[in-house]
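Everything on this sheet refers to the single structure shown next.
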There are 2 protein chains.
Amino acid sequence: MDKLWSALSDSTRRNILLLLHEKDMNAGEIADNFKISKPSISHHLSILREAHLVYSHKEGQTIIYSLNKTTLRDVSRFITLLMK
Amino acid sequence: MDKLWSALSDSTRRNILLLLHEKDMNAGEIADNFKISKPSISHHLSILREAHLVYSHKEGQTIIYSLNKTTLRDVSRFITLLMK
DNA sequence: TGGTTATTTCGAAGTTTATCTAAATAAAGT
DNA sequence: ACTTTATTTAGATAAACTTCGAAATAACCA
């Protein structure tokens, strides 16, 4: 749970998740939506990947990232428990 | 949203929320549930308070903390949106 | 083989965070 | 007034985090 929550604690990463909710994207496309450098975005993506919030697969020259909705259920469960 | 998510990113703070879900507690009682010092717990409580995840009121000599479930709805909304 | 494109890894700088002890504040009782 | 109890604030330190530019890796094409 720890990696999951700290992955979610950064607003750039939460915005990446919102982008991927709309559609799958490659790393460059994702980076184009932010002002920070590509290495920084790559780093954020690796944190999201380690938290299992996204997964990626290679397609030709590019790497496509997708939202992993399954992991979000763990967060949802925690919040729902507290709200009861 | 930023203070909210970073408040949730620390496991001690999430455990404080779980404790307060069971019942309201004063700061000392909360601290007794952890190995870290009382000043550290006090610091965590102030972060939770600033994020509006808990509120507090004085009762005689002690300060009673309670879970603020309303704020959790914002988190829940974000997660629910992503899960759709 | 060499060049181009896409992405990650490396190494460093600056900022933020969690934690501690010691000191300060505040309320209550003696 | 002084002491005890409950909690917070202050100041310091070490670890973790975000960010960058430059270099490395990998795939594709000419």
Side-chain angles (χ1 to χ4, degrees), chain A residues 1-20 22-68 71 75 78, chain B residues 1-20 22-68 71 75 78:
Chain A
M1 277 295 260
D2 230 58
K3 279 192 176 182
L4 177 50
W5 285 100
S6 45
L8 288 168
S9 73
D10 182 87
S11 89
T12 299
R13 289 194 291 266
R14 290 195 304 277
N15 284 322
I16 291 174
L17 296 180
L18 287 171
L19 275 179
L20 293 178
E22 297 307 314
K23 68 180 178 77
D24 293 358
M25 285 186 180
N26 63 51
E29 238 178 318
I30 293 169
D32 291 342
N33 284 273
F34 298 90
K35 289 177 187 168
I36 64 179
S37 70
K38 280 172 193 209
S40 295
I41 293 294
S42 178
H43 181 234
H44 284 306
L45 287 171
S46 85
I47 288 169
L48 289 171
R49 212 182 318 108
E50 279 190 49
H52 302 106
L53 280 164
V54 305
Y55 51 89
S56 61
H57 69 278
K58 201 169 279 191
E59 210 162 278
Q61 231 161 327
T62 71
I63 294 173
I64 313 245
Y65 281 87
S66 320
L67 190 59
N68 183 358
T71 305
V75 181
F78 180 85
Chain B
M1 277 296 262
D2 230 57
K3 279 193 175 181
L4 177 51
W5 285 101
S6 45
L8 287 167
S9 73
D10 181 87
S11 91
T12 298
R13 289 195 289 266
R14 291 196 304 278
N15 284 322
I16 290 174
L17 296 179
L18 287 171
L19 275 180
L20 293 179
E22 297 307 316
K23 68 179 178 78
D24 294 357
M25 284 187 182
N26 62 51
E29 240 178 317
I30 294 169
D32 291 343
N33 285 272
F34 299 90
K35 290 178 187 167
I36 63 179
S37 71
K38 279 169 194 212
S40 295
I41 294 293
S42 177
H43 181 235
H44 284 307
L45 287 171
S46 84
I47 288 168
L48 290 171
R49 211 180 321 107
E50 281 190 45
H52 302 107
L53 280 165
V54 304
Y55 51 90
S56 61
H57 69 278
K58 201 168 278 189
E59 211 163 277
Q61 231 161 330
T62 72
I63 293 172
I64 313 246
Y65 281 88
S66 319
L67 190 58
N68 182 0
T71 305
V75 181
F78 180 86

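Lettering of chains follows the sequences in order, A, B, ..., and the numbering in each one begins at 1.
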**Prompt:** Cut-off 3.5 Å, side chains only: do A/His57 and A/Glu59 have a donor facing an acceptor?
**Reply:** yes

**Prompt:** Under 3.5 Å, is there a donor-acceptor pair linking the side chains of B/Ser6 and B/Ser9?
**Reply:** no

**Complete:** Minimal heavy-atom distance between B/Val75 and B/Trp5, with the atoms involved, is CG1-CH2, 3.6 Å

**Distance in angstrom units between A/Leu45 CG and C/dT8 P, rounded** = 6 Å

**Asked** Heavy atoms under 4.0 Å, any strand shown: does A/Ile64 hit a base, just sugar-phosphate, or nothing?
**Response** nothing

**Message:** Please compare A/Pro39 and A/Gln61 by the position of their nearest nucleotide in DNA chain C and report the one closer to 5'.
**Reply:** A/Gln61

**Message:** Could you check whether any side-chain heavy atom of A/Leu8 comes within less than 4.5 Å of a side-chain heavy atom of A/Leu17, counting everything from C-beta outward?
**Reply:** yes

**Asked** Which whole-number value in Å describes the distance from B/Glu59 CD to C/dA26 C1'?
**Response** 16 Å

**Prompt:** Given atom CG of B/Asp2 and atom P of C/dT16, what is their separation to the nearest angstrom?
**Reply:** 12 Å

**Complete:** Against the side chain of A/Ile36, the closest entry in D/dT8, D/dT19, C/dA18 is D/dT19

**Complete:** Rounded to whole Å, CZ of A/Arg13 lies from C1' of D/dT18 at a distance of 9 Å

**Message:** Strictly below 4.0 Å: does B/Asn26 bring a side-chain N or O up to OP1 or OP2 of D/dA6?
**Reply:** no

**Asked** Roughly, in whole Å, what's the span from NE2 in A/His44 to P in D/dC17?
**Response** 12 Å

**Request:** Under 4.0 Å between any heavy atoms, over every strand shown, what does A/Phe34 touch: base, sugar-phosphate, or nothing? Just pick one.
**Result:** nothing

**Request:** Assign B/Thr62 to base, sugar-phosphate, or nothing according to its heavy-atom contacts below 4.0 angstrom with the strands shown.
**Result:** sugar-phosphate

**Prompt:** Does C/dA6 have OP1 or OP2 sitting under 4.0 Å from an N or O in the side chain of A/Tyr65?
**Reply:** no

**Message:** To the closest 0.5 Å, what do you measure between OH (B/Tyr65) and CZ (B/Arg49)?
**Reply:** 3.5 Å

**Fill in**
Comparing A/Ser6 with A/Lys58, nearest DNA chain D nucleotide closer to 5' gives the residue A/Ser6

**Prompt:** Between B/Met25 (CE) and D/dT7 (P), how many Å, whole number?
**Reply:** 12 Å

**Message:** With nearest nucleotide decided by heavy atoms, which residue, A/His43 or B/Gly28, maps closer to the 5′ end of DNA chain D?
**Reply:** B/Gly28

**Prompt:** OP1 or OP2 of D/dT19 less than 4.0 angstrom from a side-chain nitrogen or oxygen of A/Ser40, does that happen here?
**Reply:** no

**Message:** Rounded to whole Å, how long is the line connecting atom NZ of A/Lys38 with atom C1' of C/dT9?
**Reply:** 16 Å

**Prompt:** Rounded to whole angstroms, how far apart are NZ on A/Lys3 and P on D/dC17?
**Reply:** 10 Å

**Any B/Ser37 side-chain nitrogen or oxygen under 4.0 Å from OP1 or OP2 of C/dC20** = yes

